[in-house]
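Down below is the structure, laid out as structure tokens.
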Amino acid sequence: MSTVRQFVVGNWKMNGTRASLAEIDAVRSGIGGVACDVGICPPATLIAAATERARGAALMIGGQDCHTAAGGAHTGDVSAEMIADAGGTLVVVGHSERRTDHDEDDALVRAKAEAGWRAGLLVILCIGETEAQRRAGETLAVLSSQLEGSVPDGSSAENLVVAYEPVWAIGTGLTASNDDIREAHAHIRTELVARFGEAAAGIRLLYGGSVKPGNAGEILPLANVDGALVGGASLKAADFLGIIAAAG
Ligand code: 13P
């Protein structure tokens, strides 16, 4: 079991309209007294309304991405400062869907993480191997290189959360085996402690990839698993609350 307070975060991806704010209300009602921290990252269009619905509750709201700049001529982008201004306190950077769909590389992800800090946001930085990399036996090397390239200097338990999301387990219904998760998370922990010292033991490591109420009870107690980053199962409050109930 994790040695820190676990953190369960919902990533709604490009899903959700104002009608979905009812799910925020339901999550809010269901998390009184839970043993973990909880966050939801809705699409940018809903951040301001979601923070209003979450006001006064132990429910963090955040963005799914940010630009590196605070503002300027970047049509369609959202800055970390805008997320903070809308009431958000979190930002996800380096999600594999951004790395793939928008060709984001480690250097850009690192700059986005620093932009998140500049705006005072807690950064959730995603890493993970593709199926081809896993089959080639490159998983741990890929994780090391992503950590080295995308995690900024100055990272700490207060400003950074790392999410391990094997790309082949996202949205597929496949989850990594318990041994695979243990091995990856232990490796990430070792790398972070080697770089940032013993205090990096407090940096929360989330697992992501087809986490559901039915498997959360098995995944969340694994060593070095300090929570979950949840896609599809975070869209319905009942499912998301089922995962939260398994955290401690
Ligand atoms: P799923 O839970 O839908 O597999 O998505 C995981 C994810 O990518 C969360 O960021």
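Quick note: residue numbers are just sequence positions, from 1. Order of appearance sets the numbers: ligands from 1, and atoms from 1 within every ligand. It should be emphasised that the depicted structure is a prediction, and the values quoted were computed from it without experimental measurement.
Within the 4.0 Å heavy-atom cutoff, G171 counts among the residues contacting ligand 1. Not a single heavy atom of G208 sits closer than 4.0 Å to an atom of ligand 1. Residue contacts with ligand 1 do not include K212, since none of its heavy atoms lies under 4.0 Å from the ligand.
The distance from ligand 1 to the heavy atoms of I170 drops below 4.0 Å at these ligand atoms: 4 (O), 5 (O), 6 (C), 8 (O). Per-residue contacts place N11 under 4.0 angstrom from the following atoms of ligand 1 (heavy atoms of the residue considered): 9 (C), 10 (O). Every atom of ligand 1 with a heavy atom of G232 under 4.0 Å away is listed here by number and element: 1 (P), 2 (O), 3 (O). Those atoms of ligand 1 with a heavy atom of L229 less than 4.0 angstrom away are 9 (C), 10 (O). Of all atoms in ligand 1, numbered sequentially from 1 with element shown, those under 4.0 Å from a heavy atom of E165 are 6 (C), 7 (C), 8 (O), 9 (C), 10 (O). For ligand 1, the atoms sitting less than 4.0 Å from at least one non-hydrogen atom of S210 are 1 (P), 2 (O), 4 (O), numbered in the order shown with element in parentheses.
In terms of polar-atom proximity, defined here as any N/O pair under 3.5 Å, T172 makes no such contact with ligand 1.
Atoms CD and CZ, on Q6 and R204 in that order, are 9.5 Å from each other to the nearest 0.5 Å. Put simply, CZ on F240 and CD1 on I31 are 8.5 Å apart, with the number rounded to the nearest 0.5 Å.
R134 approaches T139 most closely through the heavy-atom pair CA-OG1, 3.4 Å. The two atoms that bring S210 and A169 nearest to each other are OG-O, 2.8 Å, heavy atoms only.
Atom CD of E138 sits in a crowded spot, with more than 12 heavy atoms from other residues, nucleotides or ligands closer than 6.0 Å. The 12-atom threshold is exceeded at NZ of K212, counting heavy atoms of other residues, nucleotides or ligands nearer than 6.0 Å.
Listed for the E23 side chain is a donor-acceptor partner under 3.5 Å among the backbone atoms of A237. Distance alone, capped at 3.5 Å, is enough to place a donor-acceptor pair between the T51 side chain and the A86 backbone.
In this structure, the protein non-hydrogen atom closest to atom 5 (O) of ligand 1 is K13 NZ, 3.2 Å. The single protein non-hydrogen atom nearest to atom 2 (O) of ligand 1 is G231 N, 2.9 Å, given as residue, atom name and distance.
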